[in-house]
Amino acid sequence: MKTAHKSALWRRSGTAYLFLLPWLIGFFGLTLGPMLGSFYLSLTKYNLLNAPVWLGFDNYRHIFTADEYFYKSLTVTFKYVLFSVPLKMAFALLVAVVLNKGIRALGIYRTVYYIPSLLGGSVAIAIVWRQIFDGEGLINHFLSWFGIEGPAWIAHPSYILSTIVTLSVWQFGSAMVIFLAGIKQIPADLYEAAQVDGAGKLRQFGKITLPMLSPVIFFNLVMGIINSFQVFTPGYVIGDGRGGPVNSTLFYTLYLYLKGFSFFDMGYAAALAWIMLIIIGLFTSIVFVTSRFWVFYGDGKDGR
Amino acid sequence: MADQKTIFKLGKHGLIILFGLLMLYPVLWLLSSSFKPNELIFSDPGLWPARFTLENYVNGWKGLQGISFSRFFLNSATISVLSVIGNILTCSLAAYAFARLEFRLKSVLFACMLVTIMLPYHVLLIPQYIIFSKLDWVNTYLPLIVPKWLAHDSFFVLLMIQFIRGIPKELDESATIDGCGQGQLYFRIIIPLLVPALITTAIFTFIWTWDDFFSQMIYLSRINLFTVQLGIRSLYDPSGSSDWGALLAMSVLSLVPIMTIFLLFQKHFLEGIATTGLK
Amino acid sequence: MRKILGLTLAAMLLAATTACSGGNNGKPATGSSDTAEPSVDQVELRIMWWGDQKRADKTNEALRKFEEKYPNIKVVGEFAPNSGYFDKLNTQLASGTAPDVFFLGGNVTDYADKGVLLDLQPYVGKELDLTDMDQTMVEYGTLGGKLVHISAGANARGMVINTELFKKAGMDIPADGWSWEDYARISKEISEKLGKGYYGTYNFTVEGMDIYMKQRGKQVYDMEKDALGFEQQDAEDWFNYWNDMSKNGGMVTPSLQVSNPPGDTSKSLVVTGKVAMSLIPSNQFAAHQNLIQDTLTMVQVPRGPKGTGVVFESSQGLSGYAKTEHPKEVATLMNYWINDPDAAQILGSDRGVPVTSKMRDLLMKDATPLEQTVYDFTSRVSEATKKEPFSISYNPPSFTEFTKLAETAVQEIGFEQKDVKQGVEDFYKGATQIFGSK
């Protein structure tokens with residue numbers, strides 16, 4: 001009985017591996033090697049151009065005990081994640097629900113709202129953003145009507161991070177598109193039934209949209225966390241690309257990059273990368289573990 | 001009552017449009033500046049060009065070292081289209097296995113899939129470059145495209161997993177009773193129901209590949225292989241004499257394909273694909 | 001399964017070991033081409049540079065001309081946009097696939113001390129003729145006793161001046177020979193006269209630090225001793241000078257300095273006509289003038305006790321890859337770059353003034369008015385260096401790290417997170433650490 005079950009699993013595994021084949025080739029051929037390689041490098045002093053020299057855990061020890069930039073960049077990154085992930089998701093969900101149906105020229109609106117995300121980290125964004133958030137920019141002009149003299153949002157160490165969070169929320173397009181696709185998957189008859197029962201819009205949103213959308217919300221949350229921890233480009237687009245002013249835009253990945261490529265200490269950078277992997281992994285696992293309480297799947301198995 | 005409704009509707013539209021303008025501002029600025037002569041782009045911040053010129057487009061299109069931007073556009077389109085096909089095909093295969101099938105080492109492999117995107121890209125760059133250069137793939141599009149055909153983008157795999165898990169299982173069960181194998185199940189039941197996710201994947205893959213700069217820059221050196229992004233960045237040298245006009249003009253043009261793709265594809269969200277598949 | 005894993009591990013080890021072999025002993029890979037005298041065989045060289053489109057066009061044209069003159073050498077240009085050049089170069093060096101020739105800037109010291117650059121000494125007097133090259137530039141390229149870098153253009157730092165703003169303020173345009181006191185006074189005066197939103201000068205505490213140190217007979221980095229070449233007090237005086245400038249209103253605010261850094265022409269307030277004076281390398285003069293309608297000019301740096309402290313510096317230059325298979329052809333290409341009149345004429349002064357006097361004279365003959373301003377300035381500097389010679393400026397190793405540290409200190413003081421004394425103390429300590437650890 002038991003062996004029969006086992007061989008059935010093996011047979012089914014065969015089919016599954018067939019589906020997974022491309023991914024397996026990619027993982028073992030392209031990803032695993034470099035990943036293990038980078039772990040090895042994290043245990044060495046490696047200046048990119050000469051052979052790595054074995055150090056053991058010295059890099060890690062130095063990071064935790066003697067590197068103030070490490071803690072600084074970690075703080076900056078955590079602040080960013082804490083604010084940008086929830087704000088961006090809430091905003092994207094709101095707009096997605098509004099832009100789902102019942103408005104004329106929907107396609108145009110959606111495209112317009114997606115535009116900031118299209119521009120990504122281009123040169124144009126940097127210039128425009130300055131015009132809006134500059135000391136003499138649009139925002140401060142607006143504030144001056146109320147007699148408030150605003151600071152230079154994009155240049156002052158105390159405010160620049162909030163400007164960067166705003167930029168990331170403003171580029172909510174990708175999350176919005178995913179929500180839109182998710183909303184489309186919700187069977188319309190659920191809403192019809194609710195309408196018959198006399199449930200209001202808000203109630204429908206709470207009782208149907210949110211639970212039915214929870215797998216997609218889960219997805220956006222997980223990806224939001226993974227991507228936000230690795231935030232890199234805004235340090236270039238808004239900041240000076242070296243973490244300034246006064247390290248207020250020194251995102252973790254930016255610091256890691258500077259270490260590896262500009263300061264020629266790739267071994268140290270690799271160690272930083274593995275610490276980041278653990279941090280992200282930790283947060284992602286928390287989301288996965290809690291997901292059984294709030295994510296509802298159509299396949300009947302809640303959570304994982 | 002009717003009036004109130006109209007006012008509400010108008011207000012809603014007004015708000016959406018107002019917000020839309022905020023979203024559009026950078027593009028409007030980009031558009032207007034691309035028609036300004038070089039020496040006015042930064043000194044004249046107004047949205048309407050004081051002096052209007054088409055020169056930026058003419059100069060920019062000429063491209064670099066005798067290769068015009070038409071070539072760069074063609075190159076970018078080739079890479080993007082091939083990436084889209086690869087991603088749709090292989091990511092959905094992998095997602096199906098993770099979402100619906102039971103197999104040995106499933107949770108280990110699932111964790112592996114997620115972990116691959118948790119390690120910052122910069123430390124993988126050099127080992128990966130070594131692999132590709134050993135394969136003699138540098139200065140070809142293979143390092144950019146092949147990963148997409150190997151379900152390398154965990155983002156999309158997870159996206160599709162989430163969507164597949166949203167599909168009621170009774171559907172596959174009834175199909176299995178009808179005698180469908182896993183392959184048929186995947187093609188006949190899952191794929192049609194997965195269309196919104198597939199479209200999302202297609203849009204994102206196209207746009208992100210189109211906008212990507214770093215890996216293109218690392219792997220492509222020959223000018224005839226250059227992409228639009230490489231072409232644009234090549235016009236940019238903050239410490240030198242950048243041709244800002246041409247840069248902005250080409251940035252405007254590079255937005256056209258991705259905006260078109262988005263506008264065309266997003267329509268599919270309007271049609272009730274998911275529900276029609278269910279009934 | 002296990003088999004695949006084993007294979008991957010093997011692949012990974014292979015990857016790791018090849019990564020290690022990225023040019024570790026700095027010996028030029030002479031092997032085959034040394035024995036094969038002027039071969040008729042077709043040789044292919046790869047060359048990589050960065051920069052804007054104009055530079056790319058000129059560089060390519062020069063390379064085509066080179067191929068005409070040396071039909072047995074084919075040169076493949078690999079050009080990278082400015083924003084990713086060094087990432088790409090480092091990746092290629094790390095994987096042992098770097099081009100035979102590549103351009104480096106002030107960071108040449110970072111590469112020289114890792115032994116990845118080709119020693120050109122064996123080819124001097126044969127393929128590579130340096131008789132006509134400025135001695136300081138030859139010295140500049142000689143690091144650790146090896147000639148590893150051939151400057152492709154010289155420049156001298158100086159003050160860019162917006163003449164229009166001075167006219168508007170009703171003030172005289174500054175002239176060579178002014179002092180730092182003059183500079184502070186003029187900055188203050190012109191800011192006051194032009195009113196809100198206009199400033200006398202950018203803050204160039206970091207960019208001008210080495211000049212200031214030389215004016216006092218010190219230097220930022222003492223290459224021979226491999227240590228800092230100045231005292232904490234020197235730095236404190238310099239930081240104080242700028243702090244006073246900031247207090248009296250002659251200088252761009254700390255916020256504007258961050259949002260509109262002077263080194264980026266797309267953001268510079270010199271380009272928008274809001275700042276009257278700033279420190280720039282002479283080869284960037286054209287880039288500024290092209291983006292503004294006001295007429296700009298260049299004046300020498302204000303003087304300190306020992307003079308202006310300015311010398312000709314290499315803006316960038318060519319280095320060979322230690323593992324190249326064709327070192328002779330590399331030397332030939334470099335020789336063409338600095339000595340061939342055709343090359344000089346095609347390349348112009350885009351990377352700075354030519355480093356050989358003959359080529360300089362050649363270009364000066366038909367210079368545009370804009371180039372004329374630059375040549376005018378550089379010949380004045382040239383005169384000054386004859387009277388008051390200074391040693392060459394090298395960027396210290398780990399220069400990027402050092403610059404970041406200095407910038408942070410300036411910002412901490414500017415945004416009033418630390419006073420000058422504290423800021424400089426931390427900066428000095430950090431700098432000592434950076435050079436101490438090497």
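Nothing here was measured: the structure is a model prediction, and the numbers come from that model. Throughout, a chain's letter reflects where its sequence line sits, starting with A, and its residues are numbered from 1.
Of the inter-residue distances, the one linking N38(B) atom CG with I292(C) atom CD1 reads 13.5 Å to the nearest 0.5 angstrom.
Checking side-chain atoms of K88(C) against main-chain N and O of Y219(B) turns up no donor-acceptor pair under 3.5 Å.
Counting heavy-atom pairs under 4.5 Å between each of R222(B), Q128(B), H122(B) and chain C puts R222(B) at the top. Among A80(C), G273(C), G51(C), the residue making the largest number of heavy-atom pairs under 4.5 Å with chain B is G51(C).
Counting non-hydrogen atoms of other residues, nucleotides and ligands closer than 6.0 Å to CD of E44(C) gives a total above 12.
Side chains of I223(B) and E78(C) form no contact here, defined as non-hydrogen atoms less than 4.5 Å apart. Side-chain contact between Q92(C) and S221(B) is present, with at least one heavy-atom pair separated by less than 4.5 Å.
Both the backbone and the side chain of S234(B) come within contact range of chain C, with heavy atoms under 4.5 Å apart.
The two residues F79(C) and F226(B) come nearest to each other via the heavy atoms O-CZ, 3.5 Å.
Every residue two or more places apart in sequence or in another chain that forms a side-chain hydrogen bond (donor to acceptor under 3.5 Å, both in side chains) with H152(B) is listed here: T31(A).
Each of T91(C), D87(C), N90(C) was evaluated against L125(B); a single residue qualifies, T91(C), per the side chain to side chain contact (heavy atoms under 4.5 Å, CB included) test.
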